[in-house]
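Beneath this line is the structure, given in structure tokens, with notes to follow.
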Amino acid sequence: MRLLLNIDWSFFDKEYLHEKVSAYVWFAGIILATLLLKKPLANLLMRVSSNLAARYSYMRHKETMGPMLFKPIERLLQIILYFIAVNQLSNILDEVTLKRFMGKKGKMDITLDDVSNHVFLLLFIICLTQVVSRFIDFVYYLRMGKAESENNNSRQQLLPLIKEVSKLVLWIISGFWILGSVCHVNIPALITGLGIGGVAIALAGKETVENFFAAFTILSDKPFVTGDIIKLGETEGMVERIGFRSTRLRNTDGSAYIVPNQNLVSQNLVNLSMRSNRIMKVPVNIRYGISHEALTALMEKIKAALGSLPYIQQPVDIAVESFDKDTFQLVVSYQLPYPLADDVKLPAVKREVNIRVYEIASANASLGTAPAATP
């Protein structure tokens, strides 16, 4: 205490370059404190926000929200503290004139203080937008986890689109904020100009706009949901994701199809997941010369063999489809339940059916029959 009383505090009131010594001390102290305390402060804010998220969410998410928000919050704190530090030297910065020109209201000077304030404001807006964007990601994570736990396919396909729209609106608002506050653009005049130019933009991006509104049509009408298997023309696959512009399908061989949303709402689409059974066909080529009795016996044997399989539904149909030069073709049609049981795989079923049909046709080769290649 005595040491503090003996300090000549008047020294801090002295001025150097139009700035008090105390201002230089505060500048150096805040910079040093920022470098030393930025991580502890960011951790403190992260713990507070995580506790709030854990209190108001349906399950605990502290370990998830921390990594999502830590870096953006740390950068935002740095920007704020650096601005406070630089603002201690505002008198010096205000003395440095970078540009002088005549405006409508007379002579105007752009000082280093003006530039630093605008730069910090720009960085503050960007960092704040990143924090809010990460928070949107966290809310999306919460709601998607709940939708998956409740097996709510409709919400699972709607949430990604809501997240992308929210982040797009957020960055648009941030862009207008930057234009108005940092660049001093007349926002009402800009919006009016965009309204006129929006017609040209809409015409230029006609397909993009159509796909965007088609996404909302899909989400509202729900011809399919994420996880369904659909067929559009020759394209067939499972719906993985519904986006702004396109929907991603995954084929059984692992190939990914990117289909524009407009095609999904303007063309005839088959939702294979809504069917209760699946019809399969096996062609068999028969040589001419087989008697009617032998052909009838062959067809009955195939029906009996396939009908004995537990996972094949009745009826099993066999029809004559076409006639070639040396052979005519029988087509064996059978039905499988959809979806199949977990322990039954479609390739295994097709293989077993084809082998049984081949065995029966081969056993009747002496009657003038010959099996066709399996499909």
Which pair of non-hydrogen atoms, one from Ile79 and one from Cys127, has the smallest distance, and what is that distance?
CG1-SG, 3.9 Å
Between Asn354 and Lys350 (side chain of the first, backbone of the second, donor and acceptor by atom type, cut-off under 3.5 Å), is there such a pair?
yes
Scanning both residues in full, the closest heavy-atom pair of Leu330 with Met299 reads CD1-CG, 4.2 Å
Let me see the working for Asp137 and Val139 under side-chain contact (heavy atoms from CB on, under 4.5 Å), right down to the final yes or no.
CA-CA 6 Å; Asp137 290 335; Val139 173; over 6 Å; no
Side-chain touch Leu170/Ser133, heavy atoms, less than 4.5 angstrom
yes
Residue pair Arg356 / Ser308: nearest heavy atoms and the distance that separates them
NH1-OG, 3.5 Å
The reported gap from CG in Leu123 to CG in Leu121 (rounded to nearest 0.5 angstrom) is 9.0 Å
Taking side chain as C-beta onward, heavy atoms only, is Ile290 less than 4.5 Å from Phe328?
yes
Test item: Tyr288 side-chain N/O and Thr327 main-chain N/O as donor-acceptor pair under 3.5 Å
yes
Going only through I, L, V, M, F, W and Y residues with side-chain contacts under 4.5 Å, is there a path from Ile258 to Val239?
no
Run the side-chain contact (heavy atoms from CB on, under 4.5 Å) test on Gln329 and Val320 for me, step by step, so that the C-alpha distance in whole Å, both residues' side-chain angles and the decisive distance to 0.1 Å come before the verdict.
CA-CA 6 Å; Gln329 189 177 78; Val320 177; over 6 Å; no
Would you name the heavy atoms of Glu321 and Val331 that are closest together and state the gap between them?
CG-CG2, 2.8 Å
Heavy-atom pair of closest approach, residues Lys163 and Tyr140:
CD-CG, 3.5 Å
Heavy-atom side-chain contact between Gln130 and Trp171 under 4.5 Å
yes
For the pair Lys303 and Asp317, find out whether any cationic side-chain nitrogen is under 4.0 Å from an anionic carboxylate oxygen.
no
Which heavy atom in Gln314 sits nearest to a heavy atom in Gly307, and how many Å separate them?
NE2-CA, 3.3 Å
Checking Glu352 against Tyr311 for the side chain to side chain donor-acceptor pair (under 3.5 Å) test, could you report, in this order, the C-alpha distance in whole Å, the side-chain angles of both residues, the deciding distance, and whether it holds?
CA-CA 11 Å; Glu352 183 174 359; Tyr311 37 77; 2.3 Å; yes
Side chains of Val259 and Leu264: does their closest heavy-atom pair fall under 4.5 Å?
yes
Going by heavy atoms in the side chains, are Gln313 and Pro337 under 4.5 Å from each other?
yes
For the CG atom of Asn268 and the CG atom of Leu232, what is their distance to the nearest 0.5 Å?
9.0 Å
Rounded to the nearest 0.5 Å, what separation is found between the OH atom of Tyr334 and the CG atom of Leu309?
9.5 Å
Let me confirm one number: the CD1-CD1 distance from Ile125 to Ile173, rounded to the nearest 0.5 Å.
12.0 Å
Spell out, as yes or no, whether a donor-acceptor pair under 3.5 Å connects the side chain of Asn271 to the backbone of Pro223.
yes
Within the 4.5 Å heavy-atom criterion, are Asn117 and Phe83 side-chain neighbours or not?
yes
If you round to the nearest 0.5 Å, how far is CG of Leu306 from CD of Gln335?
12.5 Å
Is there a side-chain contact between Trp177 and Val182, using heavy atoms and a 4.5 Å cut-off?
no
As an exercise, state the distance from OG of Ser333 to CD1 of Ile279, rounded to the nearest 0.5 Å.
7.0 Å
Is any side-chain heavy atom of Ser246 less than 4.5 Å from a side-chain heavy atom of Arg241?
no
